[in-house]
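All values reported here derive from a predicted model rather than from experimental measurement.
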Amino acid sequence: MRLLAFRKRLTIFMMKGDFMFFLKLHAKQFLLSTALIPSLALTTTVKVHAASNTEDAFDNAANTFFWDIMDSSPINLHYSFSFPEDYKPSDNPPLGSFSETFTETAEILNRAKENLSAVEYNSLTAKQKQVYQLMNHYIDINLEYCTLPDYTSTLGPMSGILSTLNTTITEYYLLSEQDIINYLDVLRDIPRFLNDVVKEIEHQESIGYVPSLYAFEQALENKDAMTTLENHPYLEAFESNVSETGLSDDVVNNYTKQVKTVLTDEVLPAFSSFYETLENKKASAGESKGLAFYDQGKEYYELLVRDNTGTDMTPLELKDYLTDKLTQGLMNLSQSYSYNPNLLNDLDSLTAPKTDADAILQTLNQKAAECMPDIGDTTYTLSYLPEALQVPNNLAYYLSSPLDNESRNIIRINPSEVGDDSMVLWTTMAHEGYPGHLYQHQYFMQNSFEYNIETLIGSLGTSEGWAYYVEKLSLEWAGLDEATADAYFTNMILGMAALSVVDIGVNYEGWGIEETSNFLTTYYGELDKNTCQNFIDTCANDPGVYLPYSVGYYKTEDLFEQMADGYSSDKNMYAAYLKMGSMPFTLLEKYLIPDNSI
């Protein structure tokens with residue numbers, strides 16, 4: 001997914017980002033315990049079957065962990081497989097449920113860790129060792145979450161449960177009549193799910209973690225759209241998605257009536273009640289506060305930093321790292337400006353060689369084929385989000401293909417954030433499509449993928465780092481000279497770096513208006529209090545959301561600089577990197593840098 005950042009001029013802040021592709025893994029903090037990928041209340045305990053050798057034991061451990069996750073709710077199965085009727089879902093609610101203690105989550109994780117511990121690591125194949133390390137890294141981080149208070153960003157505008165729910169429902173693909181029947185069950189489960197969200201908010205309130213006034217206001221913005229049948233995003237999405245079933249008009253019309261009935265009788269009243277609850281809670285809500293103000297909040301943020309960035313750096317180490325990058329980048333921009341006093345105006349007036357999103361993707365695909373490893377012919381579906389689903393600060397997202405249908409790649413664009421700037425659209429399509437997320441996912445699946453679990457436990461920092469790295473490459477493909485391309489990209493990524501430092505300041509050091517203003521003024525000149533408060537609101541209500549993008553980009557750039565001498569061409573270097581999937585940087589550096597062998 002792609003977020004907005006400082007854009008246009010150095011003193012103007014916007015933001016750029018990009019929701020990681022899914023729903024399979026919608027939450028960065030907890031795969032196994034947040035909504036839609038819920039805590040696992042399994043009806044049976046899955047054990048590793050007796051294996052004839054070490055390699056079989058590992059295969060069973062990896063597959064057991066994957067199916068534990070799938071068993072958590074039918075929605076997991078639906079998004080992992082185009083034809084989930086081939087696999088028997090559990091009896092859990094379609095949208096999953098919440099757990100206040102993460103007991104079930106810890107049970108699943110501990111079982112996975114126990115199964116791994118029974119494997120003789122030195123007897124594994126090279127690929128199995130990689131997946132073993134990836135699983136171990138993921139399990140350890142999530143077990144540590146289970147020991148800390150539940151500071152999940154329930155109402156976060158960018159990473160919260162509501163935005164994820166809407167994406168989950170509207171992206172629910174329909175390929176058969178059974179999919180429609182299952183979709184109706186999902187809709188009927190929304191009232192229970194929303195009630196669980198309220199219980200989660202109340203649980204967090206009981207431990208002192210109360211959503212801010214800003215969070216409530218953002219959540220309530222879509223109240224009218226979500227409580228009115230006309231132009232309801234769920235109905236519009238169904239009417240669009242149902243065409244893929246190939247069913248007759250009469251059958252489709254009958255199911256459309258059923259969808260309208262479920263929405264009218266069950267879903268809309270549930271949303272009305274939910275929003276009424278939020279309105280009541282909003283009355284006593286206060287200002288946004290970072291995690292630093294809550295019990296064990298700093299410990300939670302330390303873990304969140306490691307999880308979101310895929311590094312072992314502490315928040316303060318990352319702050320210094322990003323500040324150094326910010327200082328150097330601004331010096332480079334200042335030098336470029338001294339050579340060309342019209343630089344800022346030149347950047348504002350840039351236009352891409354193509355202005356249509358699909359035409360841009362086709363052009364980028366052709367350019368990528370010239371300098372990137374080959375992925376052959378790929379297909380995608382491209383569309384614009386309806387107004388009710390246009391989340392602030394999110395430019396677009398990519399939804400990765402199911403495991404049994406690699407041709408199904410989805411890219412959604414947020415027109416309210418992209419606007420009419422063709423260069424923004426160009427870089428966004430590079431980020432989400434070619435050679436960004438779509439290309440990255442397809443190359444890995446074609447060249448390295450062996451275990452289903454690999455698609456669920458990668459690092460967001462690695463994935464976003466690649467997507468931003470290739471954004472920069474795409475600028476020269478747009479015909480920009482090297483100096484202009486560098487200035488354009490530097491102007492953008494520095495905004496992300498600055499917001500990331502603010503994120504650390506707010507959530508780890510307890511920054512308020514004064515500290516935030518002092519930091520930003522140092523680099524960007526004086527900013528008014530409303531602007532600074534907006535940054536605090538954003539960072540406090542979606543903690544860590546910027547870190548995978550800024551840190552991911554810089555760590556990717558650093559990694560390629562360290563790798564360069566060991567490869568005969570950039571294409572070979574990129575191939576080695578892409579074959580590792582979304583492995584965190586802590587492991588990537590050991591596998592890809594000769595002196596750091598694992």
How about Asp558 and Gln562: does a side-chain donor come under 3.5 Å of a side-chain acceptor?
no
For the side chain of Asn63 and the backbone of Asp59, is there at least one donor-acceptor N/O pair under 3.5 Å apart?
yes
Using a 4.5 Å cut-off on heavy atoms from C-beta on, say whether the side chain of Phe585 contacts that of Thr462.
yes
Give the C-alpha distance, both sets of side-chain angles, the deciding distance and a yes or no for side chain to side chain donor-acceptor pair (under 3.5 Å) between Gln442 and Asn409.
CA-CA 9 Å; Gln442 288 293 328; Asn409 297 283; 3.1 Å; yes
Under 3.5 Å side-chain donor-acceptor pair for Thr427 and Tyr488:
no
Short side-chain to backbone donor-acceptor contact, Ser212 and Ala215, under 3.5 Å
yes
Tell me which one of Gln390, Glu171, Glu432 satisfies side-chain hydrogen bond (donor to acceptor under 3.5 Å, both in side chains) with Arg412.
Glu171
Do the two ring centres, one from Tyr523 and one from Phe519, sit under 6.0 Å apart?
yes
Ring centres of Phe58 and Tyr121 under 6.0 Å apart?
no
Are Tyr577 and Tyr567, when compared by the centres of their aromatic rings, separated by less than 6.0 Å?
no
Are the side chains of Leu494 and Leu333 in contact, using a 4.5 Å heavy-atom criterion?
yes
Do side-chain atoms of Asn414 reach the backbone of Asn394 as a donor and acceptor pair under 3.5 angstrom?
yes
Assess the residue pair Ser288 and Asn541 against the criterion (side chain to side chain donor-acceptor pair (under 3.5 Å)); give the C-alpha distance rounded to whole Å, side-chain angles, the decisive distance to 0.1 Å, and a yes or no.
CA-CA 7 Å; Ser288 300; Asn541 290 284; 3.0 Å; yes
State, without any angle test, whether Tyr398 and Gln440 hold a side-chain donor-acceptor pair at a distance under 3.5 Å.
no
Mark yes or no for whether Asp68, through its side chain, and Ile108, through its backbone, hold a donor-acceptor pair below 3.5 Å.
no
Is a side-chain N or O of Glu454 found less than 3.5 angstrom from the main chain of Val131, in a donor-acceptor match?
no
Going by distance alone, is a donor N or O of one side chain under 3.5 Å from an acceptor N or O of the other, for Asn332 and Gln328?
yes
Between Phe66 and Tyr451 (judged by ring centroids, cut-off 6.0 Å), do the two rings come close enough to count as a pair?
no
Indicate the ring-plane relationship of Tyr209 and Tyr151, choosing parallel, tilted or perpendicular according to the 30° and 60° boundaries.
tilted
Checking Asp312 against Thr586: is there a side-chain donor and acceptor pair closer than 3.5 Å?
no
Any donor-acceptor pair under 3.5 Å linking the side-chain atoms of Tyr554 with those of Asp324?
no
Are any non-hydrogen side-chain atoms of Asn452 and Ser80 less than 4.5 angstrom apart?
no
Taking 4.0 angstrom as the limit, do Glu107 and Arg111 come out as a salt bridge?
yes
Identify whether NZ of Lys or CZ of Arg in Lys129 sits under 6.0 Å from the centre of the six-membered ring of Tyr591 and within 45° of that ring's axis.
no
Are a donor atom and an acceptor atom from the side chains of Ser448 and Lys127 found within less than 3.5 Å of each other?
yes
Trp466 side chain to Leu578 main-chain N or O, any donor-acceptor pair under 3.5 Å?
no
What's the shortest heavy-atom distance between Ala396 and Thr428, and which atoms?
CB-CG2, 3.6 Å
Consider only side-chain N and O atoms of His437 and Ser463, and report whether a donor and an acceptor are under 3.5 Å apart.
yes
is_close_aromatic(Tyr574, Tyr443), centroid dist under 6.0 Å:
no
